Amino acid sequence: QVDVVESGGGLVQPGGSLTLSCIDSGPRFEIYTMTWYRQAPGKPREFVAEISSRGAIDYLDSVKGRFTISRDNGKKTVFLQMDSLRPEDTAVYYCTRNRQIWGQGTQVTVSS
């Protein structure tokens, strides 16, 4: 069974930073597109950032310039570096392998 497991969430003040990690237990991690989504209370899940097997990257407009997605194929891990965090970034952040295998999510709360 293939799993992806997120970690790194927490409580941070506005303007602060967090780095989320997602470890993939399945084989051939390097061929898959890895994507971060988030879901705030009462809102639908939304796309945040994506990195393809070739390193092509895309971001939600509101996080461009603040968030950075990267991957380490040797460690089968994808990262989401989040800087200049805002209260509206508060959500449960999910990692997905090829938009088929989903993790349980990690809570990010931005509040003073």
Side-chain angles (χ1 to χ4, degrees):
Q1 181 177 347
V2 176
D3 290 310
V4 293
V5 179
E6 306 94 338
S7 63
L11 173 63
V12 63
Q13 293 187 342
S17 298
L18 281 174
T19 299
L20 305 184
S21 300
C22 171
I23 297 176
D24 185 332
S25 67
R28 307 190 70 191
F29 169 80
E30 65 276 7
I31 71 170
Y32 292 104
T33 292
M34 300 298 293
T35 310
W36 287 96
Y37 282 79
R38 66 186 181 187
Q39 187 166 21
K43 295 186 177 181
R45 191 172 295 187
E46 69 175 350
F47 167 88
V48 177
E50 181 170 272
I51 184 165
S52 76
S53 59
R54 297 185 177 186
I57 289 173
D58 193 17
Y59 294 102
L60 175 69
D61 282 348
S62 64
V63 309
K64 286 180 180 177
R66 301 189 298 121
F67 290 12
T68 304
I69 190 171
S70 61
R71 65 191 298 162
D72 184 332
N73 289 337
K75 296 182 178 179
K76 298 169 68 174
T77 302
V78 61
F79 303 96
L80 187 67
Q81 172 70 39
M82 305 185 296
D83 299 315
S84 302
L85 282 161
R86 305 168 180 169
E88 53 264 40
D89 294 318
T90 294
V92 177
Y93 283 71
Y94 297 91
C95 170
T96 175
R97 179 196 217 206
N98 221 35
R99 304 189 186 191
Q100 294 177 328
I101 306 297
W102 292 77
Q104 294 299 306
T106 186
Q107 176 70 48
V108 172
T109 302
V110 185
S111 175
S112 55

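Just so you know, these numbers come straight off a predicted model, no measurement behind them.
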Between [X] (side chain only) and [Y] (backbone N and O only), is there a donor and an acceptor less than 3.5 Å apart?
{"X": "Arg45", "Y": "Tyr93", "answer": "no"}
{"X": "Arg66", "Y": "Ser84", "answer": "yes"}
{"X": "Asp24", "Y": "Gly26", "answer": "yes"}
{"X": "Glu6", "Y": "Gly105", "answer": "yes"}
{"X": "Asp72", "Y": "Lys75", "answer": "yes"}
{"X": "Arg71", "Y": "Phe29", "answer": "yes"}
{"X": "Thr96", "Y": "Ile101", "answer": "yes"}
{"X": "Thr106", "Y": "Gly9", "answer": "yes"}
{"X": "Ser25", "Y": "Asp3", "answer": "yes"}

Margin query: Salt bridge or not between Arg86 and Asp89? Use side-chain N to carboxylate O under 4.0 Å.
Written below: no
Check: Between Glu50 and Arg99, is the closest basic N to carboxylate O distance under 4.0 Å?
Finding: yes
Heavy-atom closest pair, residues [X] and [Y]:
{"X": "Thr77", "Y": "Ser21", "answer": "CG2-CB, 4.3 Å"}
{"X": "Tyr37", "Y": "Trp102", "answer": "CD1-CH2, 3.5 Å"}
{"X": "Ala49", "Y": "Leu80", "answer": "CB-CD1, 4.0 Å"}
{"X": "Gly103", "Y": "Tyr94", "answer": "O-CD2, 3.6 Å"}
{"X": "Pro14", "Y": "Ser112", "answer": "CD-N, 3.7 Å"}

Check: Is it true that the side chains of Ser17 and Asp83 contain a donor and an acceptor less than 3.5 Å apart?
Finding: yes
Check: Is the closest side-chain donor-acceptor distance between Thr68 and Gln81 under 3.5 Å?
Finding: no
Looking at side-chain heavy atoms only, is the closest gap between [X] and [Y] below 4.5 Å?
{"X": "Val5", "Y": "Cys22", "value": "no"}
{"X": "Leu20", "Y": "Phe79", "value": "no"}
{"X": "Phe67", "Y": "Leu85", "value": "yes"}
{"X": "Met34", "Y": "Cys95", "value": "yes"}
{"X": "Ser111", "Y": "Leu11", "value": "yes"}

Item checked: Result of checking Val108, Thr90, Val63 against Arg38 for side-chain contact (heavy atoms from CB on, under 4.5 Å) -> Val63
Next item on the list: Check step by step if side-chain contact (heavy atoms from CB on, under 4.5 Å) holds for Ile51 and Val78.
Entry: CA-CA 9 Å; Ile51 184 165; Val78 61; 4.0 Å; yes
Margin query: Other residues, nucleotides and ligands only: do more than 12 of their heavy atoms fall within 6.0 Å of NZ on Lys43?
Written below: no
Next item on the list: Assess whether atom CD of Gln39 is packed by more than 12 heavy atoms of other residues, nucleotides or ligands within 6.0 Å.
Entry: yes
Item checked: Value rounded to 0.5 Å, distance of CZ in Arg54 from OG1 in Thr33 -> 10.5 Å
Note to self: If hydrophobic clusters are built by linking Ile, Leu, Val, Met, Phe, Trp and Tyr wherever their side-chain heavy atoms come under 4.5 Å apart, do Val48 and Val110 end up in the same one?
What the structure shows: yes
